[in-house]
Amino acid sequence: MPIALVDCNNFYVSCERAFNPKLEGKPVVVLSNNDGCAVARSNEVKALGIKMGEPWFKMEKFAKQHGIIALSSNYALYGDMSARVMSILSNFSPRQEMYSIDECFLDLAGFPEESLIAYGLTIRQTIKRHTGLPVCVGIASTKTLAKLANHCAKKGLAGEEGVCDFGRLSDDELGTVFSSLPVNEVWGVGRRITEKLQSMGIHTVQALRTSSPELIRQRFSIVLERTVLELNGVSCIELDQVGVPQQQILVSRSFGQTVTALDDLMESISFFTTRAAEKLRRDGSVAGNVCVYVRTNPFKESDPQYDRSIVVPIIATDDTSKLTHAAMTGLKAIYRIGYQYKKSGVMLMALEPKGQQQGSLFDDVAEDGRADQRMKVMDAINQRMGKGSITLASSGIKQRWAMRRENKSPNYTTEWGELPVVM
DNA sequence: ATGCTCCTGCGAA
DNA sequence: CTAACGTTCGCAGGAGCAT
C-alpha cells in the first residue's frame, strides 16, 4: 500500500521567490521570529555551509561578505501558500495527512504501482504551475520509508527529477542506497539517538534496518522499534486524517527586548491567550487547563535565570475572558520581580470537544450563551479586519515585548494594502 | 499492584 | 552604537499520587 510524501523544497525561501523572482539564483535565508536564526536556506546558502538553526548574529558578517539576502519570516504568506498546496494535493488522493506546513502524506493504495513515478511527476508539475513552488515526491510502502525516499528524491540519489519510488528499486539497489545514508537521516532519529546508535556501531540506515527490533526496543523505546519495522516495510504509523482537533494549543514567543514589569508580561499573556482561544474555537474544543510560563534568556548566562510554569485548572471553556482570567491568575502566582524576562507563553490543555463536558451545578447557561455570541462576533471581526483588530483591553497597546522583524516581505496573498504598486 | 495525572525529554518541521 | 539564539506539536515513560 504505497504512500507518497510530498515536501516543498526550501519552503519559506521558495515562497519568497514565488513573489519576488529577483531572489532566484541568489543565496537567500529566512530568519526565525526576532530575526533570531536561519529557518530556511536556499541551495546557494546551504552550499556556503550555513547550518539550519544558525543564529543570525553569528553569521551576519560572513553573510554580508557573500551577498546573502536575509529575510524576516512572513508566516501569513507561508500559511496561505501552504493552504494552496494542500488543497491542490487533495485532488491527488482520497486520503491526505498534512504533516507540517510544507509536507503532506498521500495514500496511494490501489493506484497502479508501475505508474506511480509518472503520477509523482504530475503532482510536481501541477504544484509548480499553480503555485510556483518546487516540490519533491518520495514514494514507498511506509511513512518512514516515504520520508527517506523523499530525501533521495531531493538529493538525486535514486530516481530522477524530484521523484523517487522505492517500490521500483530491487533489494540490492535499496541496500546500496541505505548503506550510503547516515542513520540520522531516518525520521525519528535525532541527535541523541544518533549518538547512542553510533556508540553501538550502527552508523547507516542499512545497519539500523537490519538490527534486531527487540534489542532496539530494550535499549531505546517502542518508538524506535517501530522505526526499525517501518524501515523493513512493516507499516506501524497510521495516516492521521485531517480534521482531528489538537490535544494542546500553545502560543508563545520570545520578546524583541527583555521586560521586567508584571504589566508587560500581562499584556503578552493576554495577547497569547486571545490567539490560543481563537484556535480553540476554530477546532470546536474547550480547555480544562491553562498553563502559563515565563522565562529569562538562557543564553545570557551572566543574568540571573528564572524559568517557571503553572497549570491553572478551570471549568472547561472556550471563552477568551475566562481563559485570560485564569492565565492572569497563573502569571501573578509565578511572577517574581527583578528578572529580565525574554519569553512567555500560554498553553491550553485538557482539550475536549465542546458540548461534551460534565455539567456543573453552578453553570450559568444563559451567561454561557451570551459569551458564545461575544466570541463569535470577536472572531468574525478579527478575521475580516485582520488579527488583533479587537482584543481584550488587557492585551495593551504598549507591546514593549513585540517581535523584531526588520526585513519582512509584504503579505502578498493576504493583505491588499501590502501588494507592491506597479507603475 | 494498578491506574491516573503531571512533567520531562526527545524529535520533527 | 551594541547586542543579538524559533515555535508548535505529539508521544513515551518516569515520578508521584490515589485507590
Side-chain angles (χ1 to χ4, degrees), chain A residues 5-13 29-41 50-61 63 70 72-73 75 78-79 82 97-105 143-144 147 150-151 154 183-197 217 220-227 236-238 240 244-258 272 275-276 279 283 288-289 291 293 295-303 307-313 340 342-351 403-406:
Chain A
L5 175 67
V6 183
D7 188 322
C8 301
N9 304 352
N10 314 331
F11 182 57
Y12 297 169
V13 169
V29 284
V30 174
L31 303 176
S32 64
N33 284 343
N34 287 314
D35 297 338
C37 35
V39 287
R41 305 158 294 156
I50 302 272
K51 298 244 172 56
M52 184 67 172
E54 190 149 320
W56 172 241
F57 75 92
K58 280 190 186 166
M59 64 173 141
E60 187 170 4
K61 198 166 165 221
S72 306
S73 41
Y75 287 103
Y78 313 146
S82 171
E97 174 185 345
M98 299 179 215
Y99 176 69
S100 75
I101 192 165
D102 76 323
E103 279 179 84
C104 183
F105 287 105
K143 285 168 87 172
T144 304
K147 293 274 287 187
N150 189 284
H151 174 78
K154 279 222 174 77
V183 72
N184 61 301
E185 291 297 344
V186 176
W187 189 32
V189 178
R191 208 186 69 240
R192 286 294 177 72
I193 292 176
T194 298
E195 276 174 29
K196 193 163 162 189
L197 284 171
R217 180 179 191 149
F220 295 87
S221 68
I222 192 168
V223 184
L224 201 62
E225 181 193 19
R226 285 203 274 257
T227 299
C236 309
I237 308 173
E238 291 304 302
D240 281 338
V244 182
Q246 285 169 214
Q247 304 193 5
Q248 50 178 238
I249 293 171
L250 168 71
V251 180
S252 74
R253 212 123 305 168
S254 298
F255 306 144
Q257 38 185 163
T258 57
F272 299 157
R275 287 284 92 79
K279 267 195 227 172
D283 279 4
N289 273 333
C291 173
Y293 78 91
R295 70 161 172 74
T296 51
N297 183 356
F299 295 101
K300 197 156 181 187
E301 289 169 15
S302 53
D303 275 7
D307 175 357
R308 267 195 77 177
S309 68
I310 188 171
V311 176
V312 184
Q340 297 286 328
K342 179 65 175 171
K343 183 175 180 182
S344 72
V346 172
M347 216 182 307
L348 303 183
M349 303 181 316
L351 306 191
M403 279 194 287
R404 270 195 319 274
R405 287 156 106 186
E406 304 203 329

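Within every chain, numbering begins at 1; the chains are lettered A, B, ... in the order of the sequence lines, protein sequences first and strands thereafter. All figures in this text were calculated on a predicted structure; none of them were measured in a lab.
Aromatic ring orientation, A:Tyr12 versus A:Tyr78: parallel (interplanar angle below 30°, classes split at 30° and 60°).
Of the possible donor and acceptor atoms, none in the side chain of A:Asp102 sits under 3.5 Å from a partner among the backbone N and O of A:Phe11.
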message: Test side chain to side chain contact (heavy atoms under 4.5 Å, CB included) on A:Tyr293 and A:Arg308; report intermediate values, then the result.
response: CA-CA 6 Å; A:Tyr293 78 91; A:Arg308 267 195 77 177; over 6 Å; no

Contact list (N/O, under 3.5 angstrom) for nucleotides 15-19 of chain C vs protein:
none

Pick out the pairs of N or O atoms, protein on one side and nucleotides 9-13 of chain C on the other, that lie under 3.5 Å.
| residue | atom | partner | partner atom | Å |
| --- | --- | --- | --- | --- |
| C:dC9 | OP1 | A:Gln246 | OE1 | 3.3 |
| C:dC9 | OP1 | A:Gln246 | NE2 | 2.7 |
| C:dC9 | OP1 | A:Lys279 | NZ | 3.4 |
| C:dC9 | OP2 | A:Leu250 | N | 2.6 |
| C:dC9 | OP2 | A:Leu250 | O | 3.3 |
| C:dG10 | OP1 | A:Gln247 | N | 3.2 |
| C:dG10 | OP2 | A:Gln248 | N | 3.3 |
| C:dC11 | OP2 | A:Gln247 | NE2 | 3.4 |
| C:dA12 | OP1 | A:Arg226 | NH2 | 2.4 |

Close N or O pairs between protein and nucleotides 7-12 of chain B (under 3.5 Å):
| residue | atom | partner | partner atom | Å |
| --- | --- | --- | --- | --- |
| B:dC10 | OP1 | A:Arg192 | NH1 | 2.4 |
| B:dC10 | OP2 | A:Arg192 | NH1 | 2.6 |
| B:dG11 | OP1 | A:Ile193 | N | 2.8 |
| B:dG11 | OP2 | A:Arg192 | N | 3.4 |
| B:dA12 | OP1 | A:Val186 | O | 3.3 |
| B:dA12 | OP1 | A:Gly188 | N | 2.7 |
| B:dA12 | OP1 | A:Val189 | N | 2.9 |
| B:dA12 | OP1 | A:Val189 | O | 3.2 |

Taking N or O atoms only and anything under 3.5 Å, show me the protein contacts with nucleotides 4-6 of chain C, one pair per line.
| residue | atom | partner | partner atom | Å |
| --- | --- | --- | --- | --- |
| C:dA4 | OP1 | A:Lys300 | NZ | 3.2 |
| C:dA4 | N1 | A:Glu60 | OE1 | 3.2 |
| C:dC5 | OP2 | A:Asn297 | ND2 | 3.4 |
| C:dC5 | N4 | A:Lys58 | NZ | 3.2 |
| C:dG6 | O4' | A:Ser32 | OG | 3.0 |

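Looking at residues two or more places apart in sequence or on another chain, you find no ring pair (Phe, Tyr, Trp, His ring centres under 6.0 Å) involving A:Phe220.
Note: CG (A:Asp102) to C1' (C:dT7) measures 15 Å, nearest angstrom. Taking atom CE on A:Met347 and atom P on B:dC6, their separation rounds to 12 Å, with Å as the unit.
Rotation axes derived from the C1' atoms of the five outermost pairs at either end of the helix from B:dA1-C:dT19 to B:dA13-C:dT7 lie 10° apart, to the nearest 10°.
A side-chain N or O of A:Ser72 and one of A:Asp35 form a donor-acceptor pair less than 3.5 Å apart.
Taken from OG in A:Ser344 to CZ in A:Arg253, the straight-line distance is 9.5 Å, to the nearest 0.5 Å.
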